Amino acid sequence: MTITEFVAGITAETIAALYNETISPSSVTLNETRKEFEGDLTVVSFPFTRFSKKSPEETARELGAYMQSRYPEVARFNVIKGFLNLVISDAYWLGRVQAISASENYGIRSRSGAKVMIEYSSPNTNKPLHLGHIRNNLLGYSVARILEAAGYEVIKCNLVNDRGIHICKSMLAWEKFGDGETPESAGIKGDHLVGKYYVLFDRKYKEQVSELVNGGMPEEEAKAAAPLMREAQEMLKRWEDGDQEVVSLWKKMNGWVYEGFDHTYRKLGVDFDQVYYESETYLLGKDLVREGLDKGVFFRKADGSVWIDLSEDGLDEKLLLRADGTSVYITQDLGTAQLKYDDYRMDKSVYVVGNEQDYHFRVLFLILKKLGRAWAEGLYHLSYGMVDLPSGKMKSREGTVVDADDLIEEMIEKARQNTLELGKAHELPEEEQTELFRKVGMAALKYFLLRVDPKKRLLFDPNESIDLQGHTGPFIQYTYARIRSVLEKGGGIAEEKTTFDPAVLSLNADEKNLIILLNKFEEIIGEAAETYNPAIMANYLFELAKTYNKFYHDNPIRKAEDPAVQAFRVCLSEITADIISRGMGLLGIEVPEQM
RNA sequence: GCACCCGUAGCUUAACUGGAUAAAGCAUCUGACUACGGAUCAGAAGACUUGGGGUUCGAAUCCCUACGGGUGUACCA
């Protein structure tokens, strides 16, 4: 039981005893007591005045007096305005430390049986991954880990957009201008090579368009009439007809891209349990359209196209099937949603997709509900803000992007310089050094992207790049490494956690602040899982590291004179290290033993 | 036009979902290594939470309004 659950519980019991009113513990408003007052937890007593018929102060005093007399965990209390500040006994806190220390996997909930699917990454196979994809991948992976810790069975899934006109563009450009170039012959990663031809297509295409415009053609017309565009469309048609030549080119170039993606995914430390390909799912959804027509949820217009009218829900009319019977994006997504559900029967399904698709997902979920899919209640769009550059939006067609691979290399290089200058890396053999630079660099990058609320947009300045000091991943890593170092100094790190005798101890402020935070880990996992928000975990870990550093600075651990105190502080350090390590793991960040 | 999101110290972010005197990091200034690791710690300075109104014991948070920024409103995906 967490401390908030405990206090909320005894508050409800107290209300029942004093005022004969039944309230739910979850309705009790609790805060951590502000630093300037004495206390650990604060009960807001304003809401109870309607039961007590007394002033907030008097009500709070009555509650406090009752609690103190009745519950040994409540050591003291004081009342300021309508706020009841409770001092929880050292015995309670020490008991919590023992419980945490003894538990194998503190904070991790056991499997509840609920299943959740998380779709993330979902790249296009015509260009390499960029900074925006990194945010997506890190969010998806981290949310998956957090939900797992909260007791879900998690299926990580990737829906690869491997077909369509944009893919044909890079294929066509390669065919026309590539001269048989391969990743090996060019010496560049496959995804970058294909991306190069995508950009090249756009350049050549624009040249053709402006040529036509200069010849007097209106721009709109020129865009459609440019020979390259016509050829790309022709190629798409041949692909859909299963033309051997086009399909084998498509397979070859996609193969290059996947090789490149795999490399980047490995660097990022993300992976998937299930991969869906749009080339295999793009025809799905037509059954659902038929079903919708039968049920009268959809309607057919005079030209034969199929629509749904969502104006009663504050949205517009939405097309589901073209007059020629071909499907559109949302038709596909309807079909894919059904496919996923048929495959896994999950209770929840999370889509990690940028916020420019908010409208699309509102429509998608609403349609599935109208089709009577009970599981549509479990669908959730984890919408995140885009990553902006000081110069504006990233545009891969124009090549103004922060490339994922480049950025990763830059961060590792930056970590190398910092670590050699500040750290103890020179004590390590070269192989371990390389590994360390990678861990530190990736931590800086990942933490930078994950500590911000997903829904907020993120400004990334490539020149200022990323700090390695202050509110950063390496700061937290450093705290961990230092704890490990301290623990080792005292004759090595034991398998079993250190035990201590709580009867002879009393807590000082630094110790207590640390314990309160350690005790919160479980709640934080729950909160991050419920809101699909890794930033909550990220900010908690920073807070924890900071609090530990203060504790460390002012309190001898191995050098404590009293052996009971020493054992206790060693135990606190062990728990802190453990939580940092596992908490960072939930963000997909590794911690080094030494740095 | 309409819809959705956002606006908090110079900059980047918090604020337990309506609670007390809005909290951190960076940058600036000052102090602490013969110490269990200074990538640290302590301190100073920096905010009428974009402006205006409302709701109530109480608002950064909810409502209205104005302004500023972003996105969507495709028979693209």
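The sequence lines fix the lettering, A, B, ..., with proteins before strands; numbering per chain opens at 1. Both backbone and side-chain heavy atoms feed into the values below; hydrogens, waters and symmetry mates do not. All figures in this text were calculated on a predicted structure; none of them were measured in a lab.
- Distance CD1 (A:Ile330) to C1' (B:G72): 13 Å, rounded to an integer number of Å.
- With a 6.0 Å cutoff to the six-membered ring centre and a 45° limit on the axis angle, A:Lys340 counts as a cation-pi contact of A:Tyr351.
- You can call A:Phe46 stacked on the base of B:C57; the centres are under 5.5 Å apart and the planes sit within 30°.
- Within the nucleic acid shown, A:Tyr329 comes within 4.0 Å of at least one base atom, counting heavy atoms only.
- Between A:Asp316 atom CG and B:G1 atom P the separation is 17 Å, expressed in whole Å.
- For A:Arg322, the side-chain atoms get nearest to B:A77 when compared with the rest of B:C6, B:A77, B:C41.
- On the C1' atoms, B:A47 is 13 Å away from B:U21, given to the nearest whole Å.
- Taking atom NZ of residue A:Lys550 and atom C1' of nucleotide B:C41, one finds them 8 Å apart after rounding to whole Å.
- Along RNA chain B, the nucleotide closest to A:Arg451 and the one closest to A:Phe542 are compared, and the more 5′ of them pairs with A:Arg451.
- Here A:Glu543 lies out of heavy-atom contact (under 4.0 Å) with every strand.
- Checking side-chain atoms of A:Tyr198 against main-chain N and O of A:Lys169 turns up no donor-acceptor pair under 3.5 Å.
- Counting to the nearest Å, the P atom of B:C76 and the CG atom of A:Leu236 are 12 Å from each other.
- B:U28 sits 30 Å from B:G51 when the C1' atoms are compared, rounded to a whole Å.
- Residue A:Thr419 is in base contact, counting any heavy-atom pair closer than 4.0 Å across all strands shown.
- For the pair A:Asn355 and B:C5, the criterion of a side-chain N or O lying under 4.0 Å from OP1 or OP2 is not met.
- Taking the P atoms as reference points, B:C11 lies 23 Å from B:C16, given to the whole Å.
- For A:Phe37, counting side-chain heavy atoms from C-beta on, the closest listed nucleotide (B:G69, B:A20, B:G37) is B:A20.
- Nucleotides B:G53 and B:U17 are separated by 28 Å at their P atoms, to the nearest Å.
- For A:Tyr277 and A:Trp250, the ring centers sit 6.0 Å or farther from each other.
- Within 4.0 Å (heavy atoms only), A:Asp303 reaches at least one base atom of the nucleic acid.
- Distance, A:Leu468 CG to B:A39 P: 12 Å, rounded to whole Å.
- Using P as the reference atom, B:A35 and B:C48 are 44 Å apart when rounded to the nearest Å.
- For A:Asn549, the listed nucleotide lying nearest its side chain is B:C41; candidates were B:A14, B:G37, B:C41.
- Listed nucleotides: B:C41, B:C75, B:C5. Nearest to the side chain of A:Lys455: B:C5.
- If you check every strand for non-hydrogen atoms under 4.0 Å, A:Asn555 touches a base.
- Listed nucleotides B:C75, B:U21, B:A14 differ in distance to A:Asn539; the shortest reach to its side chain belongs to B:A14.
- In plain terms, the two heavy atoms of A:Pro592 and A:Leu436 that are nearest each other are CB-CD1, 3.5 Å.
- Each of A:Arg34 and A:Gln357 was matched to the nucleotide of RNA chain B holding its nearest heavy atom; the match closer to the 5' end belongs to A:Arg34.
- Listed nucleotides: B:U17, B:A77, B:A3. Nearest to the side chain of A:Asn161: B:A77.
- Between B:G37 and A:Lys489, a contact under 4.0 Å exists linking OP1 or OP2 to a side-chain N or O.
- A salt bridge links A:Arg416 with A:Glu413: at least one charged nitrogen is closer than 4.0 Å to a carboxylate oxygen.
- Formation of a donor-acceptor pair under 3.5 Å by the A:Thr479 side chain with backbone atoms of A:Phe475 is found in this model.
- For B:C6 and B:U50, the P atoms lie 13 Å apart once the distance is rounded to whole Å.
- In this entry the distance linking CG of A:Asp313 with P of B:C4 reads 14 Å, nearest Å.
- Residue contacts for A:Ala535: at a heavy-atom cut-off of 4.0 Å it reaches no nucleic acid atom on any strand shown.
- Of the candidate nucleotides B:G19, B:C4, B:G37, B:G19 has the atom nearest to the side chain of A:Asn31.
- At the heavy-atom level, A:Gln477 lies nowhere under 4.0 Å from the strands shown.
- A donor-acceptor contact under 3.5 Å is not formed by the side chain of A:Thr479 with the base of B:A39.
- Separation of the C1' atoms belonging to B:U49 and B:A44 is 23 Å when rounded to the nearest angstrom.
- Here the nucleotide nearest the side chain of A:Val328, chosen from B:G37, B:G19, B:A77, is B:A77.
- The A:Leu458 side chain lies nearest to B:U13 when the options are B:U40, B:G19, B:U13.
- The CZ atom of A:Arg163 lies 6.0 Å from the CG atom of A:Leu236; values are rounded to the nearest 0.5 Å.
- The only member of A:Thr33, A:Thr11, A:Val79 that meets side chain to side chain contact (heavy atoms under 4.5 Å, CB included) when paired with A:Leu84 is A:Val79.
- Screening residues 32-63 of chain A for ring pair (Phe, Tyr, Trp, His ring centres under 6.0 Å), with sequence neighbours left out, gives A:Phe46-A:Phe83.
- For RNA chain B, if you chain together Watson-Crick or G-U pairs that step i with j, i+1 with j-1 and so on, the runs of at least three with distances under 3.5 Å are B:1-7 with B:67-73, B:10-13 with B:23-26, B:28-32 with B:40-44, B:50-54 with B:62-66.
- As judged by a 4.0 angstrom heavy-atom cut-off over every strand, A:Val452 is placed among residues touching the sugar-phosphate backbone only.
- For B:U13, the base adopts the anti conformation, since its glycosidic angle falls more than 90 degrees from zero.
- Taking atom NE2 of A:His553 as the reference point, atom C1' of B:A39 lies 14 Å away to the nearest angstrom.
- Between A:Lys456 and B:A14 there is a side-chain polar atom (N or O) within less than 4.0 angstrom of OP1 or OP2.
- If you check every strand for non-hydrogen atoms under 4.0 Å, A:Tyr359 touches sugar and phosphate atoms only.
- For A:Asp453 and B:C6, a side-chain-to-base donor-acceptor distance below 3.5 Å is absent, hydrogens and geometry of angles not being considered.
- Minimum atom distance to the side chain of A:Lys546 is reached by B:C41, of the listed B:A3, B:A20, B:C41.
- Note: A:Lys546 NZ to A:Glu543 CD = 5.0 Å, rounded to the nearest 0.5 Å.
- Within the structure, a side-chain polar atom (N or O) of A:Tyr478 is placed less than 4.0 Å from OP1 or OP2 of B:A39.
- Atom C1' of nucleotide B:A74 and atom CG of A:Leu320 are separated by 14 Å, given to the nearest angstrom.
- On a pure distance criterion of 3.5 Å, a polar donor-acceptor pair joins the side chain of A:Asn85 and the base of B:A20.
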Exercise. Check the pair A:Met584, A:Met537 against side-chain contact (heavy atoms from CB on, under 4.5 Å), reporting the backbone distance first and the verdict last.
Key: CA-CA 8 Å; A:Met584 290 289 262; A:Met537 178 58 66; over 6 Å; no

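- Ring-plane geometry between A:His130 and A:His133 is classed as tilted, the angle between the planes lying from 30 to 60 degrees on a 0 to 90 degree scale.
- Contacts of A:Thr472 with the nucleic acid, taken as non-hydrogen atoms under 4.0 Å apart, are absent.
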